[in-house]
2 protein chains.
Amino acid sequence: MEYQQAKERFIQTWGTLGAQWGINRTMAQVHALLLISPKSLTTDDVMEELGVSRGNANMNLRGLVDWGLVYRDMQKGDRKDYFRAEKDLWVVAKRIADERKKRELDTVKDQLTILKQVEGNSPEVEEFKKVIKDIDNVTSQALQVLGMMTSAADNFLMKTIRKLKG
Amino acid sequence: MEYQQAKERFIQTWGTLGAQWGINRTMAQVHALLLISPKSLTTDDVMEELGVSRGNANMNLRGLVDWGLVYRDMQKGDRKDYFRAEKDLWVVAKRIADERKKRELDTVKDQLTILKQVEGNSPEVEEFKKVIKDIDNVTSQALQVLGMMTSAADNFLMKTIRKLKG
DNA sequence: TTTAATTTTCAATAATTTCTGAAAATAAAT
DNA sequence: ATTTATTTTCAGAAATTATTGAAAATTAAA
């Protein structure tokens with residue numbers, strides 16, 4: 001397969017995946033573009049490569065910087081901002097997992113704490129309490145597994161898996 | 001907190017969470033409603049409780065059945081369909097994880113296989129190959145961890161975590 | 001059959017999200 | 001200070017996604 005074709009396909013795939021993960025399509029495509037780029041890119045590069053407006057490119061680049069997935073560089077003798085992706089995919093995975101954990105699991109845990117205090121002992125309330133308790137258990141353990149993954153690089157579990165994988 | 005209040009709050013929270021996970025809001029709310037309901041509910045119950053149209057209730061109930069999160073029952077002497085949620089939260093977690101794995105990680109792996117075959121040795125192509133290889137590594141290992149989670153109930157890791165948790 | 005109850009579909013509409021592009025703000029050079 | 005280069009913002013437009021509701025299809029009783 002030719003590089004140009006492979007590149008377009010990769011950007012497309014990563015964009016679709018991002019959309020499924022709740023990151024918007026363009027942001028994921030910008031990320032893909034930067035990931036495979038050997039050098040830093042400007043806003044104009046992104047606009048041209050992806051065919052999006054300046055506003056759109058700017059917003060999504062900033063979004064990626066907020067997520068910690070992209071860095072903003074300066075280059076001597078040039079007033080433009082240059083953008084460069086974090087290339088360590090384990091760091092990328094960790095950043096994404098951390099952000100999602102913060103946004104999702106943590107808020108659920110907070111809500112559960114409040115919901116545990118429901119009053120009464122009708123069948124409805126008993127069922128409710130049971131479900132809340134079960135969700136609490138599952139999320140606690142999910143959080144622990146996530147915690148392991150997010151410190152994956154030097155975690156015994158990951159080392160084991162890597163070793164097994166050979 | 002009063003039951004009615006807690007119930008509304010729970011449905012609301014679960015709906016928001018679902019939206020973040022790419023499941024649509026109403027589907028997640030229907031799921032929440034069924035989760036905390038001690039008895040099976042009809043389409044009309046769902047319409048009334050959530051204030052949604054028949055079409056919407058029907059589509060989302062069917063969606064939940066497709067995900068394996070809800071079962072469709074018959075009740076003797078009644079022509080209506082009754083819906084009942086899977087109550088084992090570990091099964092719920094497994095079903096969701098399986099579905100997401102199938103939809104997301106598996107397709108990425110397929111794409112990577114194709115993209116590995118890119119030709120050339122320019123800096124761009126070298127960088128591209130490296131990124132593809134890294135993504136391949138990360139997803140392989142993510143798939144393995146997911147695999148562990150999805151057989152969580154009787155997995156050594158989960159048992160260990162549960163034990164640690166007390 | 002025919003009738004009645006229920007579920008499913010889907011075109012039209014509503015709601016939400018994303019994108020554009022030009023104006024405003026910022027920052028650097030002259 | 002003024003000009004020039006660049007980034008940011010944001011109201012409106014476009015695109016996407018979700019919802020309605022009524023008609024069509026299905027299913028079971030009469």
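By convention in this document, chain letters (A, B, ...) are assigned in the order of the sequence lines, proteins followed by strands, and residues within each chain are numbered from 1. Since the structure is predicted, the reported quantities are computational estimates derived from the model, not experimental observations.
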Co-membership, hydrophobic cluster, residues Met74(A) and Leu41(A), 4.5 Å side-chain | no
Is there a path from Val52(B) to Val70(B) through hydrophobic residues (I, L, V, M, F, W, Y) whose side chains come within less than 4.5 Å of each other?
-> yes
Under 4.0 Å between a Lys/Arg side-chain N and an Asp/Glu carboxylate O for Asp98(A) and Lys102(A)?
-> no
N or O in side chain of Arg72(A) less than 4.0 angstrom from dT6(D) OP1/OP2 = no
Using ring pair (Phe, Tyr, Trp, His ring centres under 6.0 Å) as the criterion, list what pairs up with Tyr82(A), not counting sequence neighbours.
-> none
Expressed as a whole number of angstroms, how long is the span from [X]:[atom1] to [N]:[atom2]?
X	N	atom1	atom2	result
Asp44(A)	dT8(D)	CG	P	13 Å
Asn60(B)	dT19(D)	CG	P	7 Å
Leu41(A)	dT6(D)	CG	C1'	17 Å
Asn24(A)	dT17(D)	CG	C1'	14 Å
Asp73(A)	dT7(D)	CG	P	13 Å
Asp81(B)	dA28(D)	CG	P	10 Å
Arg62(B)	dT7(C)	CZ	P	12 Å
Met47(A)	dT6(D)	CE	C1'	12 Å

Which letter, B, S or -, goes with each nucleotide of nucleotides 21-30 of chain C from 5' to 3', with contact meaning a protein heavy atom under 4.0 Å?
-> B-----BBS-
Mind jotting down which residue pairs meet the salt bridge (charged side-chain N to carboxylate O under 4.0 Å, His left out) criterion with at least one end in residues 6-15 of chain A? Sequence neighbours excluded, please.
-> Lys7(A)-Glu49(A)
Applying salt bridge (charged side-chain N to carboxylate O under 4.0 Å, His left out), which residue pairs with at least one partner in residues 64-76 of chain A are found, sequence neighbours left out?
-> Arg72(A)-Asp81(A), Asp73(A)-Arg84(A)
Does any donor atom in the side chain of Glu86(B) or Tyr71(B) lie under 3.5 Å from an acceptor atom in the other side chain?
-> yes
Could you check which of dT6(C), dT7(D), dC19(C) has an atom nearest any side-chain atom of Asp78(B)?
-> dT6(C)
Contact check, residues 25-33 of chain B vs DNA chain C, heavy-atom distance under 4.0 Å, returns none
Return the set of residues passing side chain to side chain contact (heavy atoms under 4.5 Å, CB included) with Arg103(B) (not counting sequence neighbours), or none when no residue passes.
-> Trp67(B), Glu99(B)
Does Asn121(B) CG have over 12 foreign heavy atoms under 6.0 Å away?
-> no
